[in-house]
Amino acid sequence: MPSHCPARVQKNGRVRLSEASSPKFETKRVTATNLGGPIDLDKTLLSGQVFHWTRRADGSWSGLLGNEAVVVSEKNENLVLHQGPDDRVVRHFALDHPLEEIYAAFPEEPMSQSALAACRGMRILRQPRWECTAAFITSSMKQVAHIRSMSLAIRSRFGEAVDGSDINAYPPFEVLAKATVPALRECGLGYRAENLLKTARLLADGTIDLEAIAKQPTARLRQTLQMLPGVGVKVANCILLFAYERLDAVPIDTWIHRILLAMRKGRKGTPAQLAAYAHRRLGPYAGYVQQYLFHHARMAKRGAALNPASVFSVPFDSHAPARLALRANLRWSISKAPAFSIVVKTAGCGATSPREARHQK
DNA sequence: CAGGTC
DNA sequence: GCTGG
């Protein structure tokens with residue numbers, strides 16, 4: 001692709017954002033009728049599955065798909081493509097995922113239904129394998145915002161400029177394989193630098209081929225991925241879900257861990273037992289359910305900081321009306337659906353404050 | 001204290 | 001055990 005053209009993009013990255021959105025780029029409208037279902041772009045790109053996209057003042061999003069600049073926005077719940085290769089963009093945003101079928105498979109359980117009501121339209125992307133693998137190797141014990149800053153730092157330092165984009169492409173593993181631990185640490189990786197470097201080298205010398213292993217069944221693929229340094233069971237599940245379209249894979253991080261405990265009314269268990277429970281309880285699209293629960297819980301906490309009463313003192317049952325209204329006429333203009341409470345011990349439908357929940361842990 | 005790993 | 005939002 002044309003990524004070797006001399007970049008019009010300066011190093012300071014402050015390139016003609018206005019030009020990228022100027023009328024010289026034809027605006028194509030991707031409608032639900034010809035290309036699949038609707039999408040909630042904000043929720044999709046803010047849910048911590050991909051980290052380099054930037055929301056602009058006008059609400060559109062700019063990012064990269066491999067080595068190609070992409071600009072998209074949302075209109076009437078449809079994806080609007082302003083710039084980028086349409087076929088690949090549509091595939092990336094997974095507009096063919098059968099959302100209604102997926103929603104029908106969501107568990108009849110208050111937290112899942114609450115998350116569904118709040119996050120309708122959020123899609124799980126089909127991400128490039130290496131970029132996704134690398135991003136989640138750097139993710140351990142990091143906040144989403146910092147994973148993003150590490151990704152951008154690595155792109156800026158090691159990646160190639162992309163015509164029409166203000167950020168660089170993610171460097172191929174062949175490039176990172178030749179990097180050094182100190183250089184990677186300067187991108188903010190800390191102890192993760194060594195893992196990313198070792199993984200890049202394993203891929204560069206052909207020990208593991210991220211494309212070739214895609215045909216492995218999920219359990220085996222998970223084991224294969226865990227051969228990479230820095231990839232444990234949680235990160236492996238993230239890669240399975242976000243880069244190998246294994247929609248039943250359930251990454252269990254601290255958020256999902258707490259939520260699963262709440263679903264089990266506080267009953268603990270080994271990691272394997274919780275994973276088994278998650279698959280039983282969350283169903284065939286467990287990975288989708290997981291992503292909705294994750295994003296909703298994070299947003300609920302953010303809201304709680306602003307207005308604690310509005311989020312955490314809502315009993316589960318109070319969501320029922322909104323839920324029913326939703327199902328009645330599949331409209332999803334609910335951007336302010338009530339959040340669920342995360343409680344470890346639920347006595348009836350009593351509200352539990354976040355502080356109490358924490359103490360009960 | 002944070003989307004864990006070894 | 002690294003490190004920043």
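Since we're looking at a predicted model, the values are computed, not measured. In the text below, chain A, chain B and the rest are named by the order of the sequence lines, each starting its count at 1.
- Side-chain contact of A:Arg155 with A:Ser151: a donor-acceptor pair under 3.5 Å is present, judged by distance alone.
- Between the P atom of C:dC2 and the CD atom of A:Gln143 lies a distance of 20 Å, rounded to the nearest Å.
- Within the nucleic acid shown, A:Arg185 comes within 4.0 Å of sugar-phosphate atoms alone, with no base atom in reach, counting heavy atoms only.
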Enumerate donor-acceptor pairs with a distance under 3.5 Å from any side-chain N or O in residues 174-190 of chain A to protein atoms, sequence neighbours excluded.
unit_1	atom_1	unit_2	atom_2	d
A:Thr180	OG1	A:Ala183	N	3.2
A:Glu186	OE1	A:Arg157	NH1	2.5

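- Computed from coordinates, the A:His296 NE2 to B:dG3 C1' distance equals 17 Å when rounded to whole Å.
- The nearest whole Å value for the distance from the CZ atom in A:Arg222 to the P atom in B:dG4 is 17 Å.
- Closest-nucleotide positions on DNA chain C for A:Ala145 and A:Met141 were compared, and the one nearer the 5' end corresponds to A:Met141.
- Nucleotide B:dG3 holds its P atom 8 Å from the NZ atom of A:Lys301, rounded to whole Å.
- One cannot find a donor-acceptor pair under 3.5 Å joining the base of B:dT5 and the side-chain atoms of A:Lys234.
- Residue A:Ser47 is classed as a base contact, given a heavy-atom separation below 4.0 Å to a base.
- Checking B:dG4, C:dG5, C:dC2 against every side-chain atom of A:Arg192, the shortest atom distance belongs to C:dC2.
- Counting heavy atoms of neighbouring residues, nucleotides and ligands inside a 6.0 Å radius, atom CD of A:Glu194 does not exceed 12 of them.
- Each of A:Pro229 and A:Pro251 was assigned the nucleotide of DNA chain B with the nearest heavy atom; the assignment lying further toward the 5' end belongs to A:Pro251.
- Under 3.5 Å, the side chains of A:Tyr285 and A:Glu101 contain a donor-acceptor pair of N or O atoms.
- Of the listed nucleotides (B:dG3, C:dG5, B:dG4), B:dG3 has the atom at the smallest distance from the side chain of A:Gln291.
- Closest to the side chain of A:Thr254, from the set B:dG4, C:dG4, B:dG3, is B:dG4.
- Counting atom types as modelled, A:Glu194 pairs no side-chain N or O with a base atom of C:dG1 as donor and acceptor under 3.5 Å.
- A:Gln226 comes within contact range of no nucleotide atom at all, as no heavy-atom separation falls under 4.0 Å.
- A:Leu228 comes within 4.0 angstrom of sugar-phosphate atoms only, judged by non-hydrogen atoms across all strands, and of no base.
- Summarising the geometry, the separation between CG on A:Asn195 and P on B:dC6 is reported as 7 Å, rounded to the nearest angstrom.
- As a whole-Å value, the separation of A:Met150 CE from B:dG4 C1' is 12 Å.
- Base engagement by A:Gly48 is indicated by at least one non-hydrogen atom pair under 4.0 Å involving a base atom.
- With hydrogens and angles left out, the side-chain atoms of A:Thr138 and A:Arg192 include no donor and acceptor closer than 3.5 Å.
- With B:dG4, C:dG4, B:dG3 as the candidates, the nucleotide lying closest to the side chain of A:Trp255 is B:dG3.
- Between the side-chain ring of A:Phe294 and the base of B:dG3, a stacking contact exists by the 5.5 Å and 30° definition.
- Nucleotide C:dG1 has no partner under the Watson-Crick or G-U criteria, as no pair reaches both atom distances under 3.5 Å.
- Atom CD1 in A:Ile147 sits roughly 6 Å away from atom C1' in B:dG3 (whole-Å rounding).
- There is a side-chain donor-acceptor pair under 3.5 Å between A:Glu245 and A:His97.
- Atom CG in A:Asp253 sits about 10 Å away from atom P in B:dA2, given to the nearest Å.
- Side-chain proximity of A:Val233 to the nucleotides B:dG3, B:dT5, B:dG4 is greatest for B:dT5.
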